[in-house]
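First the proteins, then the strands, lettered A, B, ... as listed; each starts at 1. As the structure is a computational prediction, the values presented were derived from the model and not from experiment.
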Amino acid sequence: MTDEKRIERLSAMLKRRGIVLPAFEIYGGVSGLIDYGPVGASIRRRVIQNWVEHWTINGDIVEIDSPTITPEPVLVASGHVGEFNDLMTQCGKCSAAFRADQLAENNHPNPEILEANEIDEILISNEIECPNCGDKNWTPSKPMNLMFGTKIGAMRASRQAYMRPETAQGMFMLYPSLYRHFRQKLPFGAIQTGKGYRNEISPRQGMIRLREFNMAELEYFIDPENPPVIDLSMKKEIVSFIPDPHGEDYKEVKISFSEAIDQGVMKDHTVAYFLSRTLDFLINVGINPSKIRFRQHEGTEMAHYAEDCWDCEIFGEHGWIECVGIANRTCHDLLSHEKHSNSNSLRAWREFDEPKTDTKEVLAPNTSILGPMFRGKAGLVLESLKQLDELPDNFPFELQIKDGTKVEITEEMVERKTIHTSIAGEWFTPHVIEPAFGIDRIIWHILDHAYEETEKEGEKYNLLRLSESIAPVDLIVLPLFEKEGMGETARKLNLQINQIKGVISSIDSSKSIGRRYARADEIGIPWAVTVDHISLEDETVTVRRRDDQKQVRTEIQLLLNLIRLGNVSSLF
RNA sequence: GCGCCUGUAGUGAAGGGGUUAUCACCUGAGGUUUCCAACCUCAUGUCCCGGGUUCAAAUCCCGGCGGGCGCACCA
């Protein structure tokens with residue numbers, strides 16, 4: 001933050017080069033909505049692709065995809081409808097905004113259940129003062145829900161719905177399918193990338209707080225009694241942690257993951273594992289490791305569902321920004337959906353180490369005799385027989401039944417049997433660890449950390465040092481001149497490269513070669529391949545490295561092979 | 001949502017009640033050029049939107065929309 005103008009120059013470049021732009025600009029734009037242009041969209045796709053591959057590589061996590069339109073009951077169960085329908089009021093004098101129920105806290109046993117007019121009445125009759133300025137003049141309170149509402153279906157048959165505020169609910173909805181997919185064995189996880197929607201009161205800070213944004217979330221389901229055993233002793237790199245201070249001042253500690261666990265900075269090994277995997281991902285896509293820290297939420301800051309929550313914060317032009325939240329949501333969501341939906345398939349089976357066996361002697365009823373004999377009371381008699389703890393030694397005997405009366409049971413009515421029972425396990429609700437990534441915020445920081453302003457021969461020179469895996473294109477082919485067949489050769493080479501799966505190449509033949517290198521550097525293309533006069537004679541080209549502008553000449557066939565292997569850098 | 005500041009080509013800026021709105025870079029066409037934003041010629045393109053004041057508004061006023069900062073909000 002030493003140079004206040006840097007952010008303006010960076011934003012101007014992002015717009016000029018078609019990376020990130022304000023959306024709907026010819027209609028005046030809409031705050032909180034952005035476009036990724038032709039260059040930015042490619043970067044975004046590759047960041048998401050990297051993210052998907054990062055989590056699915058072990059095979060215990062699969063990708064799913066769910067609707068963004070979500071029926072209301074789902075979000076009632078998840079808590080989003082209730083949590084977000086808070087009544088807000090503003091001070092008439094200083095315009096400070098508060099949750100109305102919190103202002104009325106001392107004047108009503110349960111202000112959360114009140115309607116707007118009831119709570120307004122309490123604020124007036126009790127002369128509640130504004131905590132900010134002391135005034136007692138409140139605007140009528142209004143429900144403030146940060147979700148975008150919509151309707152499914154037309155007219156009276158329509159159902160209330162919302163645009164999803166997070167992708168996570170999709171994974172919970174698919175839990176039964178996931179459980180079958182993974183052969184009913186925990187732990188397993190599911191990821192989803194896509195749009196989320198929050199109708200922010202005041203979106204700010206460019207692409208940091210958006211109303212429609214790219215999320216990438218992972219729900220990892222575990223058995224809380226048998227959490228996965230994860231060895232983090234190899235994790236020796238030094239990381240910055242800020243544990244929950246419990247009232248004391250925040251204190252940053254710089255230690256490794258293995259030390260953090262040994263020292264009790266992090267109690268939950270599974271959460272620690274996802275923190276460390278998150279760190280790996282961020283470094284892979286080009287975030288500067290020295291600008292990453294993990295901060296534990298305070299108790300008061302915790303989301304309504306979370307038990308333990310860490311933020312991964314990244315430092316950039318906007319200061320420290322939360323880019324990933326890693327929460328132990330415990331069984332909150334699955335349990336709540338089970339209650340609201342009456343579904344019985346949101347659980348997992350836990351087999352005991354040893355089946356619990358039991359041998360029991362019972363009196364098995366002979367219903368063809370019992371039935372006609374007791375008629376209306378037969379059901380009660382059967383129930384009492386079943387619950388009999390000690391079997392009588394002799395017949396007939398008296399049996400107390402539920403309505404208080406006693407009946408006589410004779411030998412013909414029952415049969416003495418030995419029952420062997422074996423209980424192999426039990427049903428339980430899995431716990432879930434959720435790393436939730438704000439993709440747009442991460443992309444902003446990738447761009448921020450990669451953007452470098454330098455000088456070249458006295459002139460300003462900007463480049464984007466993007467990691468190879470997320471560059472908008474892998475390489476650019478440049479004919480030195482558009483004549484003598486150089487342009488033709490370059491187009492042919494570009495086509496050959498683009499035919500390699502997963503590789504994107506582009507071509508640029510306008511203006512001087514120096515200018516084209518500069519343009520390529522500014523959008524972060526790692527390699528530039530130049531076709532010159534020598535190329536026409538011996539099938540060689542020069543390859544230029546963005547980061548130091550070094551060039552080597554190589555045979556086209558060798559280059560194509562190296563591109564296939566993703567190892568162009570071995571030329572240098 | 002409130003307060004202060006703000007909005008001129010793709011980008012960055014100058015100007016400002018009165019002929020055809022200025023500059024640099026960028027972009028396109030042509031020329032030139034044997035590897036790092038060279039040069040020459042030509043071309044495209046701008047006063048955020050709406051209302052008001054005025055003979056005349058890009059300029060002044062009001063409102064909206066967008067941006068920045070502060071306050072508040074941010075599962």
Side-chain angles (χ1 to χ4, degrees), chain A residues 4-5 7-9 11-18 21-33 37 75 78-86 88-99 130-133 139 142 144-147 165-166 168 196 198-206 208-211 297 301-306 309 318 322 325 327 329 332 434 436 455-463 478-484 486 510-522 528-536 541-544 546 549-551 553:
Chain A
E4 286 180 14
K5 295 286 179 193
I7 190 169
E8 288 170 26
R9 293 191 299 270
S11 300
M13 187 279 281
L14 296 179
K15 199 174 170 187
R16 180 161 32 88
R17 292 297 185 195
L21 311 83
F24 308 111
E25 212 186 6
I26 63 169
Y27 284 97
V30 180
S31 172
L33 301 178
L75 295 163
S78 70
H80 290 96
V81 171
E83 287 287 316
F84 278 166
N85 270 322
D86 298 327
M88 298 290 295
T89 182
Q90 274 186 298
C91 173
K93 190 179 171 194
C94 71
S95 296
F98 297 94
R99 274 177 59 172
C130 170
N132 190 37
C133 72
T139 63
K142 280 186 280 192
M144 200 183 65
N145 193 304
L146 290 186
M147 290 192 292
E166 60 174 23
R198 294 177 199 178
N199 202 356
E200 295 283 353
I201 298 165
S202 105
R204 284 283 170 84
Q205 298 174 301
I208 300 299
R209 271 177 71 193
L210 297 171
R211 288 190 164 122
H297 275 202
E301 186 183 2
M302 213 88 84
H304 61 270
Y305 46 70
C309 191
H318 292 111
E322 173 197 350
R329 292 172 75 134
H332 170 273
E434 175 194 88
E455 284 207 353
K456 192 163 158 184
E457 289 156 24
E459 246 188 303
K460 281 184 179 157
Y461 197 89
N462 302 334
L463 70 163
L478 308 171
L480 190 55
F481 298 103
E482 185 64 84
K483 61 181 184 185
E484 290 165 34
M486 280 183 260
S510 70
K511 289 285 162 75
S512 74
I513 189 73
R515 176 168 300 201
R516 284 177 275 157
Y517 286 142
R519 280 195 292 236
D521 286 345
E522 198 172 30
V529 177
T530 306
V531 175
D532 58 13
H533 296 85
I534 303 169
S535 312
L536 303 175
V541 288
T542 62
V543 179
R544 171 187 180 275
R546 173 197 66 205
Q549 303 169 17
K550 269 190 188 144
Q551 260 178 314
R553 180 167 287 279

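Residue R544(A) places a side-chain atom within donor-acceptor reach of the base of C36(B), judged by atom type and a 3.5 Å distance cut-off alone. Between the base of A37(B) and the side chain of R516(A) there is no donor-acceptor pair shorter than 3.5 Å. For G70(B), the base has a donor-acceptor partner in the side chain of R204(A) [N/O atoms by modelled type, under 3.5 angstrom]. Within 3.5 Å, no donor on the side chain of Y27(A) pairs with an acceptor on the base of C65(B), nor the reverse. A donor-acceptor contact under 3.5 Å is not formed by the side chain of E457(A) with the base of C36(B). For Q551(A) against C35(B), a side-chain N or O and a base N or O form a donor-acceptor pair under 3.5 Å.
For the C1' atom pair drawn from A29(B) and U44(B), the interatomic distance equals 11 Å after rounding to whole Å. Taking atom C1' in both C48(B) and G30(B), one finds a spacing of 36 Å when rounded to whole Å. Remark: the separation of the C1' atoms in U8(B) and U22(B) is 10 Å, to the nearest Å. Separating the P atom of U54(B) from that of G66(B) is a span of 31 Å, rounded to the nearest Å. Nucleotides C36(B) and A43(B) have their P atoms positioned 31 Å apart, rounded to a whole Å. Straight-line distance between the P atoms of C69(B) and G10(B): roughly 24 Å, to the nearest whole Å. Between G12(B) and G68(B), the distance separating the two P atoms is 13 Å to the nearest Å. The gap from the C1' atom of G63(B) to that of G70(B) amounts to 24 Å, rounded to the nearest Å.
Using a 4.0 Å cut-off, no side-chain N or O of S512(A) falls inside it from OP1 or OP2 of C36(B). Phosphate proximity of U27(B) to R515(A): present, with a side-chain N or O under 4.0 Å from OP1 or OP2.
For the pair K5(A) and E8(A), the salt-bridge criterion is met [side-chain N within less than 4.0 Å of a carboxylate O]. R516(A) and E482(A) are not joined by a salt bridge, as no carboxylate oxygen comes within less than 4.0 angstrom of a charged side-chain nitrogen.
Of the candidate nucleotides C36(B), A75(B), U33(B), U33(B) has the atom lying nearest to any side-chain atom of K483(A). Taking the side chain of P165(A) as heavy atoms from C-beta on, and the options G1(B), A75(B), A37(B), the nearest nucleotide is A75(B). With A37(B), G66(B), U33(B) as the candidates, the nucleotide lying closest to the side chain of V30(A) is G66(B). Minimum atom distance to the side chain of S510(A) is reached by G28(B), of the listed A38(B), G28(B), G70(B). When distances are taken from the side chain of S31(A) to each of A75(B), G66(B), C35(B), the shortest belongs to G66(B). The side chain of T530(A) has C35(B) as its nearest neighbour among C35(B), C74(B), A37(B). Listed nucleotides: C36(B), C35(B), U11(B). Nearest to the side chain of K456(A): C36(B).
Across every strand in view, U54(B) sits unpaired, with no contact that passes the Watson-Crick or G-U test at under 3.5 angstrom. Taking a pair to require two hydrogen-bonding distances under 3.5 Å in either a Watson-Crick or a G-U wobble arrangement, G66(B) pairs with U6(B). Here C23(B) sits opposite G12(B) as a Watson-Crick or G-U wobble pair (both hydrogen-bonding atom distances under 3.5 Å). In this structure, U44(B) makes no Watson-Crick or G-U wobble pair, since no nucleotide meets both defining distances under 3.5 angstrom.
Under the 3.5 Å distance criterion, the side-chain polar atoms of R515(A) are left unmatched by any main-chain donor or acceptor of S510(A).
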